[in-house]
Number of protein chains: 2
Amino acid sequence: MTAERRKAQERKSPAEAATGETRLALVDAALQLFGDKGFEATSTREIAARANANIASIAYHFGGKQGLREACARAVAMRLKTLVGEAILANEIPGDGDAALRILEAGLKAFAHFIITRPEARNIAAFMLREIGRPGPTLDLIYGELVDPVHTRLCELLGVATGRDPKSPTIKLAAFTLAGQVVYFRIGREVVLKKMDWREIGPDEADDILALIVGNLRAFVEANRSASS
Amino acid sequence: MTAERRKAQERKSPAEAATGETRLALVDAALQLFGDKGFEATSTREIAARANANIASIAYHFGGKQGLREACARAVAMRLKTLVGEAILANEIPGDGDAALRILEAGLKAFAHFIITRPEARNIAAFMLREIGRPGPTLDLIYGELVDPVHTRLCELLGVATGRDPKSPTIKLAAFTLAGQVVYFRIGREVVLKKMDWREIGPDEADDILALIVGNLRAFVEANRSASS
DNA sequence: GTCTATAAACAGATAGAC
DNA sequence: GTCTATCTGTTTATAGAC
């Protein structure tokens with residue numbers, strides 16, 4: 001046991017231990033495991049082992065396993081909000097329909113590219129989907145911090161692009177169908193790989209998917225454009 | 001303990017016990033709990049309690065918890081295949097593009113209506129999504145029995161409707177985006193309810209969603225129709 | 001802040017009576 | 001086929017040394 005103690009000391013400098021390094025490592029490890037196998041299926045021992053931390057450190061830093069879950073939700077919401085924010089939330093809402101469509105396309109591409117191609121997105125998406133499944137404090141956090149602001153902006157852009165009311169049910173539901181198409185390729189990835197005879201979803205395969213989804217966006221806008229076109 | 005024994009006897013007639021009544025009750029209870037909380041988060045004791053069966057009956061009938069999981073996958077695949085089969089698989093593939101589109105619309109409506117409005121669909125969809133997440137024997141079963149045949153037929157219909165090759169990447173991927181849109185409204189239901197200010201997704205709300213998804217299907221076919229239109 | 005050691009509850013599986 | 005009782009291992013949480 002003194003041998004293990006020494007090994008742990010080698011891995012971690014005093015400076016790392018002084019900052020929130022262990023905290024971050026725990027959240028990172030938990031996110032991977034919660035996403036991969038689910039919250040209940042993951043033991044605190046596994047998390048601690050992957051984070052090179054002690055089991056008791058979870059209780060110390062987060063109060064318990066549940067606290068770690070909420071810390072993960074917060075981390076994911078921030079991460080995705082930053083990502084989508086750069087593409088969607090940062091821009092002003094243009095008055096021109098074509099300009100709005102271009103921003104939508106760019107945002108959709110950025111989001112879809114991250115979700116579909118990035119390896120980290122696997123666990124992030126899986127974790128999110130599990131948490132979003134049922135009401136609770138974690139869902140409230142994700143909704144308020146991420147879903148609500150992004151969806152609202154998406155509707156505003158769709159509104160300008162089509163010339164319709166951003167608050168109409170059609171526009172609001174359409175924003176969900178866009179998200180649904182992207183998310184499906186992450187959730188149903190194994191099925192997609194089998195059916196498409198793909199070994200992986202690399203840049204080429206992602207381009208095919210992006211082209212289709214952007215095409216669907218354009219087709220929706222085209223089909224739902226009101227009067228002033 | 002003899003009192004409990006007597007109570008169990010009252011609940012179950014000898015005829016029920018003779019048939020696979022307990023088996024069915026166990027699968028039914030497990031499906032609800034696996035869908036609701038996930039496989040690992042569900043204890044065999046909970047399942048047995050909900051099914052009004054004994055804990056040991058799971059090992060007796062299914063060999064263990066894992067066997068029960070596979071029995072659930074089989075039951076769900078059969079159920080959905082029957083549902084979708086009536087709308088999609090039963091019909092001949094028409095040569096006429098408009099006829100193909102009509103069958104597609106009817107099938108999409110039937111599927112979406114079930115997934116979105118039926119209470120049982122909640123746990124069925126949640127269970128499926130969890131199992132579809134990662135490779136394994138359960139996924140193979142669901143893929144071979146349900147996803148592959150349904151997707152193939154969907155592509156054939158989309159092929160006729162657009163005049164394109166049913167085996168082209170665009171058509172195959174488009175079939176996934178259709179499924180993705182529907183599934184999203186089950187998975188993200190809580191978020192949709194919040195954002196739409198709906199208390200529930202009843203007939204009226206489902207009609208709104210169905211109209212949008214069918215509209216997206218039409219827009220896709222319109223935008224991707226090849227030469228011969 | 002990090003560690004070991006342990007408590008207290010609970011998991012899935014099974015033996016054997018009926 | 002169904003039941004009780006129990007075995008064996010694992011879980012989260014925590015007390016207390018360092």
Side-chain angles (χ1 to χ4, degrees), chain A residues 1-30 33-34 36-72 138, chain B residues 1-30 33-34 36-72 138:
Chain A
M1 56 177 82
T2 42
E4 285 180 53
R5 176 77 176 253
R6 252 180 282 118
K7 238 168 44 188
Q9 295 286 8
E10 286 165 23
R11 272 186 244 108
K12 232 171 281 182
S13 75
E16 284 174 342
T19 62
E21 180 96 353
T22 306
R23 254 192 89 97
L24 290 178
L26 283 171
V27 168
D28 199 58
L33 290 164
F34 290 164
D36 200 40
K37 328 190 326 174
F39 177 76
E40 290 88 353
T42 303
S43 72
T44 51
R45 282 168 173 80
E46 271 181 290
I47 299 168
R50 181 176 290 226
N52 279 104
N54 192 276
I55 320 158
S57 63
I58 292 171
Y60 177 79
H61 285 287
F62 305 98
K65 198 186 179 188
Q66 186 64 33
L68 183 50
R69 177 191 216 157
E70 276 154 37
C72 286
T138 323
Chain B
M1 58 176 79
T2 42
E4 287 182 49
R5 175 78 176 252
R6 253 180 281 115
K7 237 168 43 186
Q9 296 285 7
E10 284 164 24
R11 271 187 243 109
K12 232 171 282 181
S13 75
E16 284 172 344
T19 62
E21 180 93 355
T22 305
R23 255 191 89 95
L24 290 177
L26 284 171
V27 169
D28 199 57
L33 291 165
F34 290 164
D36 201 39
K37 330 191 323 174
F39 176 75
E40 291 88 351
T42 304
S43 72
T44 52
R45 284 168 171 82
E46 270 182 289
I47 300 168
R50 180 176 291 226
N52 277 105
N54 191 274
I55 320 159
S57 62
I58 291 171
Y60 178 80
H61 284 287
F62 305 97
K65 200 187 179 189
Q66 186 64 34
L68 181 50
R69 176 192 218 157
E70 277 154 36
C72 287
T138 323

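The A:Ala56 side chain lies nearest to D:dA15 when the options are C:dA15, D:dA15, D:dG1.
Atom CZ in B:Phe62 sits about 11 Å away from atom P in D:dT2, given to the nearest Å. If you measure from atom CD1 of A:Ile58 to atom P of C:dC3, you get 12 Å, rounded to the nearest angstrom. Between the CD1 atom of A:Ile47 and the P atom of D:dT10 there is a distance of 17 Å, given to the nearest Å. In this structure, CD of A:Glu21 is placed 15 Å from C1' of C:dT2, rounded to the nearest angstrom. Atom OH of A:Tyr60 and atom C1' of C:dT2 are 9 Å apart (whole Å). If you measure from atom CG of A:Asn54 to atom C1' of C:dA5, you get 11 Å, rounded to the nearest angstrom. Taking atom CG of residue B:Leu68 and atom C1' of nucleotide C:dA13, one finds them 14 Å apart after rounding to whole Å. Look at CZ on A:Arg23: it is 11 Å from P on C:dT2, rounded to the nearest Å.
Atom CG of B:Asn54 is separated from atom OH of B:Tyr60 by 13.0 Å, given to the nearest 0.5 angstrom. The CD atom of A:Glu40 sits 13.0 Å away from the CZ atom of B:Phe39 when rounded to the nearest 0.5 Å.
Under the 4.5 Å side-chain criterion, counting only non-hydrogen atoms from C-beta, A:Arg69 is not in contact with A:Phe62.
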Using the 3.5 Å cut-off, write out each protein N or O paired with an N or O of nucleotides 6-11 of chain C and the distance between them.
from: C:dA11; atom 1: OP1; to: B:Ser43; atom 2: OG; distance (Å): 3.4

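A close approach under 4.0 Å does not occur between any side-chain nitrogen or oxygen of A:Thr22 and OP1 or OP2 of C:dG1.
Not a single side-chain hydrogen bond (donor to acceptor under 3.5 Å, both in side chains) links A:Lys65 to another residue, sequence neighbours left out. Legend: residues meeting side-chain hydrogen bond (donor to acceptor under 3.5 Å, both in side chains) with B:Glu46, ordered by chain and number and at least two apart, are B:Lys37.
Screening A:Ile47, A:Asn52, A:Thr44 for a side chain to side chain contact (heavy atoms under 4.5 Å, CB included) involving A:Leu26 leaves a single residue, A:Ile47.
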